[in-house]
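Quantities reported herein were computed from a predicted structural model and do not represent experimental measurements.
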Amino acid sequence: MVNSALRFLQLAAVAAMVTLASPAWAVTEIMWWHAMSGELGRQLEKLASDFNTSQSEYRIVPSYKGNYTETVTAAIFAFRSRSQPTIVQVNEIATATMMAAKGAIYPVYELMRNETEAFSPAAYLPAVTGYYADVAGNMLSFPFNASTPILYYNKDLFRAAGLDPEVPPKTWPEVGAAAKKLRGSGAVCGLTTSWPSWINVENFSAFHNLPISTMANGFGGLNAELNFNNPVMVRHVAQLTEWQATKVFDYSGRAQTAEPRFQKGECGIFLGSSATRADIKANSKFEVGYGMLPYWPDVAGAPQNTIIGGATLWVLRDRPRVEYKGVAKFFAYLSKPEVQAAWHQNTGYLPVTRAAFDLTRAQGFYDRNPGAAISIEQMTLKPPTENSRGVRLGSFVLVRGVIEDELEQAFSGKKSAQEALDSAVERGNRLLRQFERANPDR
């Protein structure tokens, strides 16, 4: 009986120790709402899984919430009901909207400082740092998936048209000449483009060192006014409209609707996101060539640098403190050169850190995959200026829709290029003033 009693006391002591220790052993779950489906979603989940297996204190739980707009909307409603995630993926043009959400966001530079995790803006590519930093250079969100538009071309169609398949057109006059030859040799269309505003207004302006708006494209304050209806932009839209009449340029619609036309071999030249490179290569039954975004050679300072698309990770407030410690460790993990390099190589998104770019190059990835480095070279061509740093304008998702409305009016011949761009500026400025009135304290 004595032995039994002693045995019982020993078991009880062990049970008590386990009970007391279990909170320290509990894994802290961190919700991450995102907008990536398909292969990109699988790569994102792999990132979370790899981090989870690298340590035992935290578990990142990814959750797909639809496209970017649906994901941001879901996070906003969740915050109001106190059921928000800790991390949410937000596209680049919603940066000003997120900044206006006073009290809802936890700036990444503050998070990393408070949790004593290393985080230096100098480690990131300047075009990335500039887009997501405040005027003092403090990073507000964590750079995650970044892309920029580049030129793709069909080498088989180039050969058929008597063009050199190893030399991509570099300027807009060269693009026009090549597209005319492509049409003359039987191509359905010479040139098409995806994301009309992002490529042909926003990036076009940055690459020519021209402003989208006053106040440093909105970085200087909410009272910015659109002013992209300048002579260079008018000439560009007028030229595309002229080419549209003979299918030298053929408008294919918004977002990524043009991409399948290039993959099917209809159009010889395509302007699209660098992040679609792997998809284009996998689905095109011809040899694909790559080049930088074209520019007008008579514009002083061109080419400058392009700006990014994609998204960053924003941290939301009012979650338990222990979760923020886990988020900081997760971001430190994502910043590792080997992690960033693998993400870049597996997805086609840019390596957002210099170290990841250097590692990818040292691994021979660019030698094995011609054209994969063009996006980085293009974004780092020159140090960003106020005109090529990015765009930070309120309600810019709506403004972009207005711009594309008016581009379609021009391409269809219903308005002149000047009329369409004047109207886009006027309508867009009304949206900016509405946003400014709704955020008087910013």
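The residues Glu266 and Lys247 are annotated as not salt-bridged, no charged nitrogen and carboxylate oxygen being separated by less than 4.0 angstrom. With salt bridges taken as basic N to acidic carboxylate O contacts below 4.0 Å, none links Glu45 and Arg42. Between Arg400 and Glu92 a salt bridge is recorded (basic side-chain N to carboxylate O distance below 4.0 Å).
By the 30° and 60° cut-offs, the orientation of the rings of Tyr366 relative to His344 is tilted. Taking the six-membered ring for Trp and thresholds of 30 and 60 degrees, Phe144 and Trp32 have ring planes more than 60 degrees apart, a perpendicular arrangement.
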Subject >> Candidate pair Arg261 and Ser252, rule side chain to side chain donor-acceptor pair (under 3.5 Å), full reasoning >> reply: CA-CA 8 Å; Arg261 298 193 66 194; Ser252 301; 3.0 Å; yes
Original post:
Step by step, would you call Thr171 with Trp296 a side-chain contact (heavy atoms from CB on, under 4.5 Å)?
Top reply: CA-CA 6 Å; Thr171 67; Trp296 289 100; over 6 Å; no
**OP:** Check step by step if side-chain contact (heavy atoms from CB on, under 4.5 Å) holds for Arg235 and Val299.
**Re:** CA-CA 12 Å; Arg235 178 182 66 170; Val299 177; 3.9 Å; yes
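Looking only at side-chain heavy atoms (C-beta outward), Ser205 and Asn387 stay at 4.5 Å or farther from each other. Proximity of Lys281 to Asn369: side-chain heavy atoms (C-beta onward) are separated by under 4.5 Å at one or more points. Contact check for Tyr333 versus Ser54: side-chain heavy atoms found under the 4.5 Å cut-off. For the pair Arg277/Ile280, no side-chain contact is recorded, criterion being any heavy-atom separation below 4.5 Å from C-beta on. Side chains of Pro294 and Leu151 form a contact here, defined as non-hydrogen atoms less than 4.5 Å apart. Between Phe435 and Phe396 the shortest side-chain heavy-atom distance does not fall below 4.5 Å. Within the 4.5 Å cutoff, no side-chain heavy atoms of Phe330 are placed close to those of Ile30. Taking the side chain as every heavy atom from C-beta outward, Arg319 and Gln84 approach each other to under 4.5 Å.
For the residue pair Tyr251/Glu408, the side-chain donor-acceptor check at 3.5 Å is satisfied. Trp314 and Thr312 share a donor-acceptor pair across their side chains, judged by distance under 3.5 Å alone. A donor-acceptor contact under 3.5 angstrom links the side chains of Ser197 and Glu202, judged on distance only. Residues Glu426 and Asn229 bring no donor and acceptor atom of their side chains to less than 3.5 Å of each other. Inspection of the Asn145 and Thr347 side chains reveals no N or O donor paired with an N or O acceptor under 3.5 Å. With no hydrogens or angles considered, a side-chain donor-acceptor pair links Glu406 and Ser423 at under 3.5 Å. Judged by distance alone, the side chains of Gln345 and Thr360 do bring a donor and an acceptor atom under 3.5 Å apart.
The minimum heavy-atom distance linking Ile87 with Leu313 is given by the pair CG2-CB, 3.8 Å. Here the shortest heavy-atom pairing between Gln263 and Phe286 reads O-CE2, 3.4 Å. Listed here is the closest heavy atom pair of Ala206 and Ile307: CB-CG2, 3.8 Å. Contact detail for Ile308 and Trp198: the closest heavy-atom pair is O-NE1, 3.7 Å. The two residues Leu47 and Trp343 have their closest heavy-atom pair at CD1-CE3, 3.5 Å. Across Asn200 and Phe204, no two heavy atoms sit closer than the pair O-CB, 3.4 Å.
Crowding of Lys382 atom NZ: a count of heavy atoms from other residues, nucleotides or ligands under 6.0 Å exceeding 12. By the 6.0 Å contact criterion, CD on Gln363 is enclosed, its count of non-hydrogen atoms from other residues, nucleotides or ligands being greater than 12.
Ring pair His236/Phe249: centre-to-centre distance not below 6.0 Å. Between Tyr290 and Tyr152, the gap from one ring centroid to the other is short of 6.0 Å.
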Just distance, no hydrogens or angles: give the donor-acceptor pairs under 3.5 Å from side chains in residues 59-66, sequence neighbours left out.
residue	atom	partner	partner atom	Å
Arg59	NE	Glu29	OE2	3.2
Arg59	NH2	Glu29	OE2	2.3

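Remark: Arg321 is not positioned above the aromatic ring of Tyr324, lacking an NZ or CZ atom under 6.0 angstrom from the ring centre and at most 45 degrees off the axis.
For the side-chain contact (heavy atoms from CB on, under 4.5 Å) test, residues two or more places apart in sequence or in another chain that qualify with Thr306 are Thr148, Asn203, Phe207, Leu293, Gln378, Met379.
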